[in-house]
Amino acid sequence: MATKKKAKTRNKSGKIKAWLCHLNCKFSKPNDANIYIERCAIKVGLSSLAEAKETMALHEAIVDWIEMLKAESGYHKDIELKVERWEPIR
């Protein structure tokens with residue numbers, strides 16, 4: 001008979017050292033009907049999620065990433081940015 005494996009329980013006592021913000025951005029190109037999807041993950045070195053979301057460094061990093069993609073790939077100004085999830089780093 002096969003024995004059942006016990007599920008691993010997550011260690012909830014570990015302190016959060018940073019947050020990883022997963023982004024999903026949809027771009028379009030001029031004279032093109034296709035929608036291009038780019039993904040990115042940005043690490044914010046704060047333990048508080050509320051503070052991490054309001055950090056100007058995060059906003060500047062997102063703007064720099066978008067500008068870099070637009071310059072490299074020729075994307076149009078119209079974009080749709082969505083935060084997929086916030087992942088804690090312990």
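Numbering of residues begins at 1 and proceeds along the displayed sequence. In what follows, every heavy atom counts, from backbone to side chain, and hydrogens, waters and symmetry copies are set aside.
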**Message:** Looking at every heavy atom in both Tyr75 and Leu69, which two are closest together, and how far apart are they?
**Reply:** CD1-O, 3.6 Å
**Message:** Is there a path of hydrophobic side-chain contacts, each under 4.5 Å between heavy atoms, that joins Leu23 and Met56?
**Reply:** no
**Complete:** Smallest heavy-atom separation, Gly45 atom then Ala18 atom, equals CA-CB, 3.8 Å
**Request:** Could you pull out the closest heavy-atom pair between Gly74 and Pro30, with the gap in Å?
**Result:** O-CD, 3.8 Å
**Asked** Taking atom CD1 of Ile37 as the centre, does the number of heavy atoms from other residues, nucleotides or ligands within less than 6.0 Å exceed 12?
**Response** yes
**Request:** Give the cluster check for Leu58 versus Leu81: same hydrophobic cluster or not, with ILVMFWY residues linked at side-chain heavy-atom distances below 4.5 Å.
**Result:** yes
**Prompt:** Would you say Lys17 has more than 12 foreign heavy atoms packed within less than 6.0 Å of its NZ?
**Reply:** no
**Shortest non-hydrogen contact between Cys40 and Ile42, atoms and distance** = SG-CG1, 3.7 Å
**Prompt:** Is there a chain of hydrophobic side chains (I, L, V, M, F, W, Y, each step under 4.5 Å between heavy atoms) that links Ile62 to Val83?
**Reply:** yes
**Request:** Mind checking side-chain hydrogen bond (donor to acceptor under 3.5 Å, both in side chains) for Asn34 and listing every partner two or more places apart, or none if nothing turns up?
**Result:** Asp32
**Request:** State the SG-CD distance between Cys25 and Glu80, to the nearest 0.5 angstrom.
**Result:** 8.5 Å
**Request:** Answer yes if Ile16 and Leu46 sit in the same cluster of Ile, Leu, Val, Met, Phe, Trp and Tyr residues linked by side chain heavy atoms under 4.5 Å apart, and no otherwise.
**Result:** yes
**Message:** Going by side-chain hydrogen bond (donor to acceptor under 3.5 Å, both in side chains), name the pairs with one or both residues in residues 41-61, residues two or more places apart or in two chains.
**Reply:** none
**Complete:** The complete set of side-chain hydrogen bond (donor to acceptor under 3.5 Å, both in side chains) pairs with one or both residues in residues 18-27, sequence neighbours excluded, reads His22-Glu87, Asn24-Glu84
**Asked** Looking at Tyr36, is Lys29 sitting on its ring face, NZ or CZ under 6.0 Å from the six-membered ring centre and within 45 degrees of the normal?
**Response** yes
